[in-house]
Amino acid sequence: MNLITRSLGALTAGLLTLGLAACGGAAAPADTAPPAESAAPIVLEHAQGETTIDGPAKRIVVLDMGALDTLAALDSADAVVGIAKGNVMPKALSQFDDEKYKPVGSLKEPDLEAIAALDPDLVIAGFRSAALVEELTKNFKTIDVTFDYADGFYNGIEYSTNLIAKAVGKEAEAEAQLKEVSDALAEAKEKAPTDKTALILMTSGGKVSAHGADSRFGLVHTELGIKQAISDVEAEAHGDAISFEAIAEANPDILYVVDRDAAIGEDGAAAKQVLDNELVATTNAWKNDDVIYLDGSRWYIMIHGVDNAVEMLNESVKGL
């Protein structure tokens with residue numbers, strides 16, 4: 001309601017009261033309730049700029065599974081109206097595998113018309129959908145939760161969690177969730193065998209790639225302090241291609257393995273089958289049964305969700 005409308009309303013009410021008094025009628029009791037205050041605008045500084053929303057977001061389209069995990073952890077699932085669901089919904093996010101959460105395409109190729117039909121007050125993008133933020137911003141209030149893993153796993157989780165929490169008015173909840181991540185990190189550090197070497201592998205389509213400290217899986221090196229079996233791994237999105245001979249030569253004490261095919265719902269030889277050969281069997285990791293098969297949906301899909309981060313840290317030292 002603008003100033004002119006309010007003024008006309010007040011003038012009409014005043015004239016009606018005077019008219020009733022003149023006719024000997026009792027004046028209507030004044031409404032003493034204070035006017036409702038509108039929510040203050042929220043300025044969100046994110047990876048690709050600054051976005052201002054009118055108040056805590058109530059209709060959110062999510063194009064990033066880590067962000068979806070964080071929204072659930074912040075008890076804001078009810079604000080989600082649309083999701084880029086991809087090939088498979090992670091088990092940890094099964095609550096969102098429901099018709100009330102409308103599909104809006106894939107993580108890399110969202111359906112702009114489907115998004116527009118939901119009339120969101122905020123679109124959350126990141127990582128796989130980060131390249132689309134500029135286009136999305138032309139039509140929707142959009143934020144990008146992407147961060148550089150090389151700057152530190154916890155730092156990235158803290159940034160993305162606080163950004164999302166500010167957008168939905170859940171800063172206090174974010175503080176509590178980040179405390180859980182911090183505690184899990186401290187506990188994992190205590191258990192991590194920093195005198196040993198580790199090699200992080202990902203299998204996909206029968207092929208194997210190595211991932212180093214600057215990768216999405218690099219927390220075992222950067223946060224936990226476990227040494228790298230190979231120090232010059234290229235920081236590529238899907239890793240640095242590696243042969244079985246190179247794995248045997250590196251001879252890691254620990255092997256961390258992510259099965260990408262299983263994570264994205266594609267058919268393919270399981271990671272255990274791919275690595276089960278004479279060369280890999282010569283490594284200390286294989287001989288001592290220090291091969292940790294990581295949950296692909298958590299390590300490849302949901303990585304930076306605040307609740308997921310706790311589970312990743314717990315899994316990184318389980319059985320060591």
Side-chain angles (χ1 to χ4, degrees), residues 39 42-48 51-86 88-108 110-111 114-115 118-130 132-133 136-137 140-147 153-154 156-181 184 295 297-312:
I42 299 174
V43 179
L44 303 169
E45 297 181 4
H46 58 92
Q48 295 194 49
T51 298
T52 301
I53 56 179
D54 296 333
K58 302 297 183 184
R59 296 184 58 80
I60 305 174
V61 166
V62 186
L63 308 180
D64 175 81
M65 288 296 167
L68 191 61
D69 177 76
T70 296
L71 285 166
L74 297 176
D75 196 23
S76 293
D78 288 346
V80 178
V81 294
I83 302 170
K85 296 185 177 183
V88 60
M89 179 65 72
K91 290 182 180 178
L93 297 177
S94 59
Q95 73 181 93
F96 294 102
D97 197 9
D98 189 292
E99 292 183 355
K100 68 180 179 180
Y101 303 107
K102 303 303 181 184
V104 291
S106 66
L107 297 173
K108 290 186 176 181
D111 184 334
I115 295 174
L118 293 173
D119 190 27
D121 49 22
L122 182 66
V123 174
I124 301 179
F127 297 91
R128 291 173 176 85
S129 54
L132 304 168
V133 169
L136 288 163
T137 302
F140 314 106
K141 299 290 183 69
T142 306
I143 59 173
D144 180 6
V145 299
T146 304
F147 58 84
F153 179 75
Y154 180 82
I157 300 297
E158 183 179 45
Y159 152 74
S160 60
T161 300
N162 283 332
L163 175 59
I164 294 169
K166 187 175 182 181
V168 294
K170 295 289 183 73
E171 283 101 334
E173 289 84 347
E175 185 176 354
Q177 291 294 327
L178 288 169
K179 176 65 165 53
E180 289 189 22
V181 178
D295 183 332
S297 63
R298 290 194 178 280
W299 287 74
Y300 186 73
I301 302 295
M302 298 164 56
I303 314 171
H304 42 279
V306 68
D307 182 67
N308 188 62
V310 173
E311 298 302 323
M312 287 177 64

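Just so we're clear, the structure is a prediction, and the values are computed from it rather than from any experiment.
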Atom pair CZ/CD1 of F140 and I115 - distance to nearest 0.5 Å: 5.0 Å
Of the non-hydrogen atoms in P110 and L132, which two are nearest, and what is the gap between them? CD-CD1, 3.0 Å
Output all residues satisfying side-chain contact (heavy atoms from CB on, under 4.5 Å) with D98, sequence neighbours left out; order by chain, then residue number. K100, Y101
Taking all atoms of both residues into account, what is the closest heavy-atom pair of A73 and Q177, and its distance? O-NE2, 3.4 Å
Separation between CG (N162) and CG (L178), nearest 0.5 Å, reads 5.5 Å
Return the OG1 to CD1 distance between T70 and I164, rounded to the nearest 0.5 Å. 4.5 Å
Enclosure of E171 CD (heavy-atom neighbours >12, cutoff 6.0 Å): yes
Looking at every heavy atom in both A84 and L107, which two are closest together, and how far apart are they? O-CD2, 3.2 Å
Determine whether a donor-acceptor pair (N or O, by modelled atom type, separation under 3.5 Å) exists between the side chain of T51 and the backbone of T142. yes
Would you be so kind as to tabulate the donor-acceptor pairs closer than 3.5 Å made by side chains of residues 58-66, with sequence neighbours excluded?
unit_1, atom_1, unit_2, atom_2, d
R59, NE, L118, O, 3.1
R59, NE, D119, O, 3.4
R59, NH2, L118, O, 2.6
D64, OD1, H304, NE2, 3.1
D64, OD2, G66, N, 3.1
D64, OD2, A67, N, 2.7
D64, OD2, H304, NE2, 2.7

Between K170 and L74, is there a donor-acceptor pair closer than 3.5 Å when you use the side chain of the first and the backbone of the second? yes
Treating D121 as the side-chain partner and A57 as the backbone partner, does any N or O pair qualify as donor plus acceptor under 3.5 Å? no
Interatomic distance, K102 atom NZ to K85 atom NZ [nearest 0.5 angstrom]: 8.5 Å
Could you tell me whether the side chain of S94 and the main chain of K91 form a donor-acceptor pair under 3.5 Å? yes
Kindly compute the distance separating CD (E45) from NZ (K166), expressed to the nearest 0.5 Å. 6.5 Å
Would you say Y159 and H46 make side-chain contact, with heavy atoms under 4.5 Å? yes
State whether the side chain of T146 and the backbone N or O of D144 hold a donor-acceptor pair below 3.5 Å, judged by distance alone. no
Considering all heavy atoms, the nearest G305-I157 contact: O-CD1, 4.4 Å
Is any side-chain heavy atom of L71 closer than 4.5 Å to one of I124? yes
For the student: nearest non-hydrogen atoms of D69 and D307, plus distance: OD2-N, 3.1 Å
Heavy-atom closest contact (I301 atom, P90 atom, distance): CG2-CG, 4.0 Å
Does M302 reach the side chain of L93, with side-chain heavy atoms less than 4.5 Å apart? yes
Roughly how far, to the nearest 0.5 Å, is CG of D295 from CD of E311? 9.0 Å
